[in-house]
Amino acid sequence: MSERAMSERATPRFPSRRSLLKGLGIGALALSSAASFARRSLAETLAEETTRLPLPGGPDTRKLTTSFPEKGEMILQRTRPPLLETPFEVFDKGIFTPNDRFYVRWHWAVIPTDVDAAAFRLKLHGAVNTPLELSLPEILELPRIEMAAVNQCSGNSRGFFQPRVPGGEWGNGAMGNALWTGVRLKDLLDKAGVKPGAVQVRFTGLDNVLVPDAPRFVKSLDIDHARDGEVMIAYAMNGTQLPLLNGFPLRVVVPGWYSTYWIKSLEEIEVLDKPDDNFWMAKAYKIPDTPGANMKPGETGVPMVPISKMVPRSFLTNLTDGAEVAAGKPQPLRGIAFGGDCGVARIDISTDGGKSWQPAKLGADHGRYSFRGWQAEIALPKPGSYSVMVRCTNTDGLAQPMTPNWNGGGYMRNVVEETALTFA
Ligand SMILES: Nc1nc2c(c(=O)[nH]1)N[C@H]1C(S)=C(S)[C@@H](COP(=O)(O)O)O[C@H]1N2
Ligand SMILES: [Mo]
């Protein structure tokens, strides 16, 4: 029996939630972590098919895997802890990225492989009047919000950096868009009563380090950000419970910010009365404090700041690099875009290297943090090679740059994408 079939058949550990969820419109939210790991050997996992994903200097191909619980075919970057990339063609199929194709990234190898939903408690403590320990049913009873938002790794597209930089060598598939359902972090903080003098809120998940001296992966947000009414604790993704690998049973969603802050399998929220100086806040995930987080390779003395808001991006999804299309006929183009920390104002297309641009038609608006579809048509009368450029300008007036940024972390790439086409 396949792993998917096994996990679908497994008995939910928490059957009473069904009545609780009636009327919430989340029928499939089973609140059980029935995913199963390690049914295949590592060799089997590694011996699967490959896909083309050329990076400057190589490799040109990546392994595909279907061996991870609750996941369909994914690009295998690393087995343990799992780094799974969404194959790019998935983004052509819709504005929402299906849960079983949503990318996966964990820092440390000890990740939750089974969560007892009935015993699970979310703890909220620190600089609060009343520390809380909330069960999942208690959380499900709180006012519920829903929001479409892009989850993108800070290092999405890192593999395209030149010169290359160390880290997860992602193509463009370390991103995804989902409809998140959950509760406002603000409501939880208000329930506990934040004490005066609180400055930040720290999130810790169920994952842990393998070597005892390593710093657990924890991240913090400033108290005002945590209380903005948009930061949420999500228990559902695209209408069903979170896949275990994407943070079952609860994860932080920080709309418009890079996903490093979106702590998965959230177990603990701590209100801090001094700024968090742990490794992951003070040392890691720092970017040059320059426009576009850009610096020169080897440059020294560049002031660094924590990564935060996302920047606009756009992609052509119906044609891949090197595709052959018919000359003299209208050629439909379509794709996806997002504004970063605000909406998409416009998408423009160029077939002459950026000299002239034509506007694309925007698809349905699912909110400013969501992917937005776009469509256009080009007609190139003569056979030859052309490249199609797509540029997003967000509602703050920020447009994608024509030249790639560079920094040692491989963060925040958002150069205008170019797709080479042959018209024959
Ligand atoms: N608990 C926990 N949460 C985490 C991480 C982690 O290692 N542990 N990694 C973060 C990073 S860097 C990314 S890119 C996203 C990835 O989210 P996903 O796996 O659901 O796509 O999770 C974030 N939340
Ligand atoms: Mo990330």
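Keep in mind the model is a prediction, meaning the values are calculated, not measured. Indexing begins at 1, ligand by ligand and atom by atom, following the structure's order. For the single chain, residues carry numbers from 1 onward in sequence order.
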Shortest protein heavy-atom distance from atom 13 (C) of ligand 1, along with the residue and atom involved: Ser259 OG, 3.6 Å
side-chain contact (heavy atoms from CB on, under 4.5 Å) partner of Ser314, chosen from Arg372, Gln400, Met389: Gln400
Protein residue, atom and distance nearest to atom 3 (N) of ligand 1, heavy-atom basis: Lys264 N, 2.9 Å
Residue-ligand contact Tyr261/ligand 1, heavy atom below 4.0 Å: no
Selection from Tyr103, Trp108, Phe102, Trp262 by shortest heavy-atom distance to atom 16 (C) of ligand 1: Tyr103
Asn246 N/O to ligand 1 N/O under 3.5 Å: yes
Per-atom contacts of ligand 1 with Ile263, taking only distances under 4.0 Å to non-hydrogen atoms: 1 (N), 3 (N), 24 (N)
Given Arg251, Glu70, Arg105, Lys71, the one that forms side-chain hydrogen bond (donor to acceptor under 3.5 Å, both in side chains) with Asn246: Lys71
Val104 neighbourhood, listing ligand 1 atoms whose heavy-atom distance to it stays under 4.0 Å: 19 (O)
Side chain, backbone, both or neither: the part of Leu266 lying under 4.0 Å from ligand 1 by heavy atom: neither
Identity and distance of the protein heavy atom lying nearest atom 6 (C) of ligand 1: Phe217 CD2, 3.4 Å
Parallel, tilted or perpendicular: rings of Phe96 and His366 (30°, 60°): perpendicular
Spatial distance of atom SG (Cys153) from atom OH (Tyr411) [nearest 0.5 Å]: 8.0 Å
Polar contact flag for His107 and ligand 1 (N/O pairs, less than 3.5 Å): yes
Option with minimal heavy-atom separation from atom 11 (C) of ligand 1, where the choices are Met175, Glu85, Arg105: Arg105
Any side-chain donor near an acceptor of the partner, Asn172 and Ser157, under 3.5 Å: yes
Proximity flag Gln152 to ligand 1, non-hydrogen atoms under 4.0 Å: no
Parallel, tilted or perpendicular: ring planes of Trp180 versus Phe102, cut at 30 and 60 degrees: perpendicular
Nearest non-hydrogen protein atom, atom 2 (C) of ligand 1: Asp207 OD2, 3.4 Å
Side chains of Asn238 and Asn99, donor plus acceptor under 3.5 Å: yes
Distance-only polar pair, side chains of Glu146 and Thr181, donor-acceptor under 3.5 Å: yes
Part of Trp170 within contact of ligand 1 (heavy atoms, under 4.0 Å): neither
Contacting atoms of ligand 1, where contact means under 4.0 angstrom from a heavy atom of Asn151: 17 (O), 18 (P), 20 (O), 21 (O)
Atoms of ligand 1 close to Cys153 [distance to a heavy atom under 4.0 angstrom, numbered from 1]: 14 (S)
Identity and separation of the nearest protein heavy atom to atom 20 (O) of ligand 1: Arg251 NH1, 2.6 Å
Gap separating the OG1 atom of Thr317 from the CD atom of Glu417, nearest 0.5 angstrom: 12.0 Å
Counterpart residues, side-chain contact (heavy atoms from CB on, under 4.5 Å), relative to Pro166 (two or more places apart): none
Arg346: partners by salt bridge (Lys or Arg N to Asp or Glu O under 4.0 Å), with sequence neighbours left out: Asp348
